[in-house]
Asker: 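Please read through the structure below; I'll follow up with questions.
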Amino acid sequence: MPTRAVHLAIDAADPSRLADFWAAALEWEVDVEDPQLPGVAPPGYHYPDPVAMPLVFVPVFEPKTGKNRVHLDLATESAAHQAAIVDRLRGLGATLADIGQGQVPWVVLADPEGNELCVLEPRPVYRDTGPVAAVVIDSADPVSLARFWSEAAGWPPQRGDEDFAALRSAGAVGPYLEMLTVPGPKIVKNRIHVDVAPFAEDDHQAEVARLIQAGARPIDVGQGDVPWVVLADTQGNEFCVLTPR
């Protein structure tokens with residue numbers, strides 16, 4: 001079986017504080033089984049399940065520099081719901097952010113550590129995703145990047161064109177994984193990345209080799225001696241191949 005996307009890892013100067021923010025933002029729960037790596041997931045969630053993309057907060061003390069190349073889009077049900085979510089997030093510590101978006105129907109915010117997110121206007125395509133509509137990756141070539149991530153995440157293509165591509169779980173549940181054309185090269189390590197894992201009965205190293213064959217490459221981000229393998233995708237975005245689960 002292939003690997004599949006299991007969670008989103010977010011670098012954080014204060015993992016507990018950022019976990020509390022995102023749990024309140026998404027109306028999810030904080031999991032403190034490992035206090036060094038707090039996570040948030042929907043109430044009653046059974047990991048790993050594509051019905052949601054849990055968030056895991058990793059202690060990283062280097063400051064954020066520049067706009068993130070990976071961000072979350074949040075779904076809304078109506079204009080009033082969008083406005084209410086924006087107000088609630090600002091009350092939790094989010095701030096308005098200007099990334100050059102101009103006049104758009106969505107609202108760009110930054111979480112308490114400066115990570116950008118978008119609160120989308122109501123869109124029918126996201127009516128059944130839950131609070132997270134999509135995980136969005138900036139890309140020089142969305143079509144080719146989507147081909148790679150279909151292999152890595154185990155999610156089939158859903159829609160797209162030369163400037164945009166979207167994947168979603170085979171069961172058509174949970175958020176989308178989207179690639180969007182954004183000019184400018186990747187310069188620094190991403191502070192947000194998708195982690196993938198083989199199924200419990202599969203061979204870890206064989207799956208790493210398969211992804212390298214698909215165009216990934218091993219990289220060193222200072223991880224040291226760890227049981228997972230750190231790779232970069234075909235456009236240099238870091239991700240981890242976790243142990244089978």
Side-chain angles (χ1 to χ4, degrees), residues 2-11 50 52-53 55 66-75 97-110 115-130 132-196 210-217 219 230-241:
T3 49
R4 80 276 204 214
V6 292
H7 61 238
L8 198 68
I10 301 178
D11 292 355
M53 181 77 79
L55 312 180
K67 172 183 170 292
N68 285 345
R69 293 183 65 83
V70 182
H71 73 269
L72 296 180
D73 281 352
L74 305 189
D98 185 350
I99 55 172
Q101 67 268 23
Q103 291 294 113
V104 292
W106 57 89
V107 179
V108 183
L109 299 175
N115 299 301
E116 300 84 5
L117 64 125
C118 297
V119 182
L120 302 178
E121 77 285 3
R123 300 184 192 182
V125 69
Y126 301 129
R127 66 184 180 278
D128 61 351
T129 61
V132 179
V135 177
V136 183
I137 304 174
D138 293 357
S139 174
D141 184 348
V143 174
S144 68
L145 191 60
R147 281 197 295 267
F148 174 83
W149 274 100
S150 188
E151 290 288 330
W155 292 4
Q158 297 295 312
R159 64 192 194 282
D161 54 38
E162 64 181 11
D163 293 321
F164 171 83
L167 312 173
R168 200 182 188 194
S169 70
V173 295
Y176 288 81
L177 181 60
E178 298 179 346
M179 293 78 189
L180 179 67
T181 296
V182 174
K186 179 179 182 293
I187 298 172
V188 298
K189 172 182 173 288
N190 288 341
R191 294 186 67 83
I192 301 176
H193 68 265
V194 178
D195 282 342
V196 305
R210 182 181 65 84
L211 293 176
I212 292 173
Q213 182 65 31
R217 58 184 173 85
I219 58 169
V230 183
L231 301 177
D233 70 18
T234 52
Q235 294 184 22
N237 298 297
E238 303 84 2
F239 69 102
C240 300
V241 185

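Residue indices begin at 1 and follow the sequence shown.
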Asker: Considering all heavy atoms of both residues, which atom of E151 and which atom of T3 are nearest to each other, and what is their separation?
Answerer: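 Shortest heavy-atom contact: O-OG1, 3.7 Å.
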
Asker: Could you pull out the closest heavy-atom pair between V136 and L180, with the gap in Å?
Answerer: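 V136 and L180 have their closest heavy atoms at CG1-CB, 4.1 Å.
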
Asker: Any salt bridge linking R168 with D128? Criterion: basic side-chain nitrogen under 4.0 Å from a carboxylate oxygen.
Answerer: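 Salt bridge between R168 and D128, a charged N being under 4.0 Å from a carboxylate O: yes.
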
Asker: So which heavy atom on I99 is nearest to which on Q101, and how close?
Answerer: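 Minimum heavy-atom contact is N-OE1, 2.8 Å.
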
Asker: Indicate yes or no: does E238 engage R69 in a salt bridge with an N to O separation below 4.0 Å.
Answerer: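 Looking at R69 together with E238, the answer is no, because their closest N to O distance does not fall below 4.0 Å.
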
Asker: Counting C-beta onward and ignoring hydrogens, is there a side-chain heavy-atom pair between L145 and N237 closer than 4.5 Å?
Answerer: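 SC-SC contact between L145 and N237 confirmed.
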
Asker: I need the minimum non-hydrogen distance between N190 and D11, along with the two atoms involved.
Answerer: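 Smallest heavy-atom distance, with atoms named: O-OD2, 3.8 Å.
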
Asker: Taking all atoms of both residues into account, what is the closest heavy-atom pair of C240 and V230, and its distance?
Answerer: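 Heavy atoms of C240 and V230 come nearest at SG-CG2, 4.1 Å.
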
Asker: Less than 4.5 Å apart, any side-chain heavy atom of T234 and any of R147?
Answerer: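 Not touching, per the 4.5 Å side-chain cut-off.
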
Asker: Taking only residues two or more places apart in sequence, or in another chain, which ones meet R217 in a salt bridge (charged side-chain N to carboxylate O under 4.0 Å, His left out)?
Answerer: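 Partners of R217 by the salt bridge (charged side-chain N to carboxylate O under 4.0 Å, His left out) criterion come out as none, since no residue qualifies.
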
Asker: List for me each residue that meets ring pair (Phe, Tyr, Trp, His ring centres under 6.0 Å) alongside W155, sequence neighbours excluded, and say none if there are none.
Answerer: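 Testing W155 for ring pair (Phe, Tyr, Trp, His ring centres under 6.0 Å), a comparison that skips the adjacent residues, returns none.
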
Asker: I'd like to check the ring pair (Phe, Tyr, Trp, His ring centres under 6.0 Å) partners of H7; sequence neighbours left out, ordered by chain and number.
Answerer: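 Here the qualifying residues are Y47.
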
